[in-house]
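Shown next, in structure tokens, is the structure this report addresses.
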Amino acid sequence: MSQSKPVTPQSHVVLVDGSGYIFRAFHALPPLTRKRDGLPIGAVAGFSNMLFKMLKDQKDESRPTHFAVIFDASGQTFRNDIYDLYKANRGEPPEDLVPQFPLTRDASRAFGAPAVEMTGFEADDLIATYARQAEALGARVTIISSDKDLMQLVSDRVSMLDPMKNKTIGPKEVEEKFGVSPDKVIDVQSLAGDSVDNVPGVPGIGVKTAALLLDQYGDLETLLERAGEIPQKGRREKLLEHADMARVSKKLVTLKCDVDVDPVLEDLGVTDPDVEQLFDFLEEMGFRTLTARVRQALGEGVTDGIRADDTKVEVASPATRDRYPNTVFDHTKYECVQSADRLAHWIARAFETGVVAVDLETDSLDSRAANMVGVCLAVEDNEACYVPLAHTGGGDLLGDGAPEQMDMDRALEMLAPLLHDASVLKVGQNFKYDLGVFKRYDLNPTPYDDTMLISYALHNGINGHGMDTLSETHFAHSPVPFKEIAGTGKNQKTFDQIGLEEATRYAAEDADVTLRLWKYLKPKLATSQVTRVYEAIDRDMPHVVAKMENEGIKVDRAELARLSSYFSQKMAGLEAEAHEIAEGPFNLGSPKQVGEILFDKMGLEGGKKTKTGAWQTGVDILEDLADNGEPLPRTILNWRQFSKLKSTYTDALQAQINPETERVHTSFSLAATTTGRLSSSDPNLQNIPIRTEEGRKIRDAFIAEAGHVLVAADYSQIELRLLAHMADLPTMKQAFADGVDIHALTASEMFGVKLADMTPDIRRQAKAINFGIIYGISAFGLAKNTGVDRGTAAEFIKTYFEKFPGIRAYMDATKAEAKERGYVSTLFGRKCHIAGIRERNPQRRAFAERQAINAPIQGTAADIMRRAMIKMPDAIASVEGARMLLQVHDELVFEVPEDRADALISTVKTTMEHAHEPAITLSVPIDVEAQAATNWNDAH
DNA sequence: GACATCACG
DNA sequence: GACGTACGTGATGTCG
């Protein structure tokens with residue numbers, strides 16, 4: 001904290017008006033909230049930034065020697081004894097500001113600045129006391145404030161700094177504002193009063209008049225004594241009448257300079273902040289940018305130190321290193337490796353350190369199309385190399401011809417022992433990609449860590465997990481952008497065309513960043529208690545999923561082409577029909593034109609506008625119109641369905657067939673969702689149509705090789721089963737144990753209908769309610785989904801809560817947990833951070849609460865699926881020729897020789913149904929349904 | 001690049 | 001009393 005240090009004429013005392021600052025910051029800055037939970041922290045953020053700036057940016061000669069942040073103590077002050085209405089017109093502070101008061105004090109302490117407050121005194125009095133004392137000792141004083149009440153303190157040695165405008169206020173500026181020198185400011189204020197502080201002053205006299213009068217009569221007392229001499233009648237009478245008010249006002253505005261301050265001035269000596277404590281605070285607040293900046297500032301300080309006195313700096317302890325990563329990147333130390341000798345050196349270094357970041361450079365983002373172009377290794381901060389292996393350009397000054405580089409086979413032969421050595425950990429960022437490429441060169445790096453997945457286990461829902469984001473978030477360092485070395489647009493170079501110098505600068509840095517991320521993030525897994533999630537679930541996903549992606553799935557191109565033309569025909573017919581009804585052509589694909597036709601031209605009722613002011617033409621609206629007997633909306637909806645099916649599926653999928661494998665290879669993202677689910681893209685094979693008959697036809701085109709079948713295995717009602725377990729719903733658990741139709745059971749419980757008398761319609765409503773509960777139900781949402789009115793929906797929910805006590809408790813407990821911790825957890829301990837859970841805006845908070853209710857359920861199901869997937873390669877090894885191809889959240893798709901389908905089904909079913917064991921025990925059975933067929937449609 | 005829409009679990 | 005609402009994704013077409 002601070003230390004005792006004498007105040008001398010060389011001293012610079014900086015006094016921050018903490019209370020004044022936060023009120024101003026609160027109103028001036030955008031209403032920032034902590035991402036994790038919505039806690040309002042705008043003023044604290046502004047305050048922390050300001051403190052950092054004060055302590056860091058000050059040039060050497062103005063760097064503070066003494067520093068304190070001064071706050072108003074709550075409660076009455078001596079001024080209320082003088083004038084009971086003092087500051088009486090102040091309302092309560094804004095609700096969003098209140099929780100920030102204590103946090104601001106925490107911020108002060110975190111930055112090593114004592115937070116001073118004393119009961120009975122305002123911050124201004126304490127500032128005045130310190131300032132006058134320091135001034136008397138010949139020191140310079142800077143008051144960080146824009147409060148005009150403090151301007152009376154300004155002198156040759158005392159100046160003010162407006163922190164928001166970054167404007168210095170000296171005697172000149174004070175005179176501009178008050179029309180008098182700083183020593184007369186009190187007198188001006190006594191006369192003019194202050195509506196903000198409720199200082200009365202003399203009615204009718206403002207700052208201008210006061211300055212004029214004081215100029216003529218010298219000071220307040222003289223003026224009041226000689227008031228009778230004033231020629232202007234109005235001023236004269238006011239002054240005579242309110243002379244006492246002016247005297248009282250003077251007592252109010254005069255700052256007390258003789259407070260018996262604690263701590264004393266000398267004890268405000270500046271020391272370096274406790275780094276550990278500072279980072280704890282910044283992390284707690286979620287100030288990522290500031291954290292990174294502080295780190296960088298500290299980092300620069302260290303390097304400067306090394307260079308300045310050329311002495312070796314003591315190596316930081318592991319604990320300090322974790323908090324205090326090296327964020328200085330020095331590209332000059334990267335090496336381009338062009339010989340076996342040098343490669344051997346780097347491999348030896350990796351064996352020494354036992355940890356090596358590995359990053360591949362290729363000529364394509366698609367790991368199946370990608371050819372290896374080079375390999376990078378990083379073994380220590382700034383100690384990284386790039387090994388070009390297949391560069392075709394950049395060899396000479398014109399950028400033509402292949403440069404000197406190692407023979408690829410030779411290099412890979414040398415690298416293989418390192419990549420496969422059990423004692424050397426390979427670290428990658430999104431290692432699934434690299435694994436996919438390595439695989440095609442018969443390399444299988446192991447063991448490995450993936451910094452993207454470490455970040456995901458730690459911070460899902462808080463920040464992204466791409467390398468650039470992570471580097472910026474944790475190191476305030478933006479890696480060289482790919483565009484910078486490759487260019488953009490159609491002239492963008494592929495990596496093999498980039499010159500070696502540029503390539504090394506970019507590639508080695510990626511490996512360097514990756515290694516540093518690993519050093520920084522890996523230890524946090526343990527402190528955040530997510531080691532098990534990472535090690536027992538996520539870390540094994542890359543090689544399993546890379547394999548699935550490599551397998552791909554066979555798609556019947558001719559079938560898709562047939563469907564495309566079928567959909568085209570349908571669309572053409574519907575388009576003609578629509579134009580005829582609308583009595584004119586328009587673009588059915590333009591929601592804007594559709595809205596204008598329906599609501600402006602045809603004047604249909606029931607139109608709603610989107611937030612951008614356009615007509616809403618979504619399914620719900622058009623369905624309603626169609627139900628009212630309008631023909632056009634139905635036509636448009638039908639056209640849209642075919643348009644969607646054609647453009648998104650039958651056309652796009654044909655284009656996605658890999659010419660080499662003749663199969664479609666999706667890319668699964670392992671770190672995209674907030675719940676632990678995977679996502680699929682390029683193409684997305686997790687949203688292939690199934691709900692409508694026309695759409696399902698697309699699944700006919702997903703087929704098995706000749707002599708093989710597809711096996712689709714689905715978890716049955718897994719989320720509802722998990723809800724029954726987690727919320728402890730005995731009736732529902734029993735139903736699952738008995739294997740009865742769960743939606744029918746729900747309907748029977750709720751509506752008192754016997755299972756034997758169940759109708760499809762009643763069951764459908766119960767099903768919608770079951771889903772609704774999982775989603776964090778609202779009467780509105782349920783009504784919209786079931787078609788009943790809102791009142792009825794509300795009744796349904798009420799009944800549900802009565803019939804399944806436990807639901808209410810689960811929801812309340814989950815919301816409370818989310819609010820308290822900022823995250824909720826799955827049964828396996830995966831944390832799902834809920835942004836906005838402490839938002840004051842009721843809509844946004846309600847949204848966060850629904851996420852909080854859903855996340856443990858969806859997330860636990862996702863965890864179980866991940867575990868099934870990582871167990872699957874071993875499990876199906878006994879079934880020759882069986883391959884796992886796709887995952888669709890609660891479904892796995894396999895391909896297997898026809899005669900082994902039964903064996904596979906039995907193995908897969910067992911593996912999936914017990915995937916959660918032994919990590920957790922469930923009070924409901926898990927059930928998997930699996931079927932084989934030659935195409936994906938029939939496998940359901 | 002934002003927005004609206006719609007495909008899936 | 002009004003407001004806007006089911007949870008999680010990705011791809012496509014318009015339009016500015």
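Chain A is the first sequence line, chain B the second, and so forth, proteins listed ahead of strands; every chain is numbered from 1.
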Heavy atoms under 4.0 Å, any strand shown: does [X] hit a base, just sugar-phosphate, or nothing?
X: L685(A); answer: nothing
X: G772(A); answer: base
X: R790(A); answer: base
X: N785(A); answer: base
X: A768(A); answer: base
X: A652(A); answer: sugar-phosphate
X: S643(A); answer: nothing
X: I774(A); answer: nothing

[X], nearest nucleotide to its side chain (from [options]):
X: T610(A); options: dA4(B), dA7(B), dT5(C); result: dA4(B)
X: Q843(A); options: dG4(C), dC8(B), dT5(C); result: dG4(C)
X: K644(A); options: dC8(B), dA6(C), dC6(B); result: dC6(B)
X: T648(A); options: dG10(C), dA6(C), dT12(C); result: dT12(C)
X: N684(A); options: dT5(B), dG9(B), dG10(C); result: dG10(C)
X: Q851(A); options: dA6(C), dC7(C), dC6(B); result: dC7(C)
X: N854(A); options: dA6(C), dC6(B), dC7(C); result: dC7(C)

Do S778(A) and dT5(C) share a donor-acceptor pair, side chain to base, under 3.5 Å?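 Looking at the base of dT5(C), it does pair with a donor or acceptor on the side chain of S778(A) (distance under 3.5 Å).
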
Regarding dC15(C), can its base be found pairing with the side chain of K592(A) as donor and acceptor, where the two atoms are less than 3.5 Å apart?
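It does not, because no donor-acceptor pair links the side chain of K592(A) to the base of dC15(C) below 3.5 Å.
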
Q. Mind checking whether D538(A) and Y456(A) have side chains closer than 4.5 Å, heavy atoms only?
A.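 Yes, side chains in contact.
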
[N] to [M] separation - [atom1] atoms, rounded to the nearest Å:
N: dA7(B); M: dG4(C); atom1: C1'; answer: 25 Å
N: dC3(C); M: dC8(B); atom1: C1'; answer: 30 Å
N: dA2(C); M: dC6(B); atom1: P; answer: 30 Å
N: dA6(C); M: dA2(B); atom1: C1'; answer: 24 Å

Please check the phosphate of [N] (OP1 and OP2 only) for any side-chain N or O of [X] closer than 4.0 Å.
X: N587(A); N: dT14(C); value: yes
X: R677(A); N: dG9(B); value: no
X: T612(A); N: dA4(B); value: yes
X: R691(A); N: dG9(B); value: yes
X: T674(A); N: dT9(C); value: yes
X: S679(A); N: dG10(C); value: yes
X: Q593(A); N: dC15(C); value: yes
X: S680(A); N: dC8(B); value: no
X: S590(A); N: dC15(C); value: yes

Report the distance from atom CG of L885(A) to atom CG of L685(A), rounding to the nearest 0.5 Å.
->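 Here the rounded value is 10.0 Å.
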
note: N687(A), atom CG; dT12(C), atom C1'; distance rounded to Å ~ 11 Å

Query - Donor + acceptor pair across side chains of S680(A), T666(A) (<3.5 Å) - result: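 Yes, a side-chain donor-acceptor pair sits under 3.5 Å.
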
inquiry  = Check for me whether K592(A) meets the cation-pi criterion with W615(A), that is, NZ or CZ under 6.0 Å from the six-membered ring centre and within 45 degrees of the ring axis.
reply    =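 The answer is no; the distance or angle limit is not met.
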
pair_partner(dA4(B)), Watson-Crick or wobble, both distances < 3.5 Å, evaluates to dT12(C)

Re dC3(C): Watson-Crick or G-U wobble partner, both distances kept under 3.5 Å, found to be none

Note to self: Regarding E623(A) and R634(A), does a basic nitrogen lie under 4.0 Å from an acidic carboxylate oxygen?
What the structure shows: yes

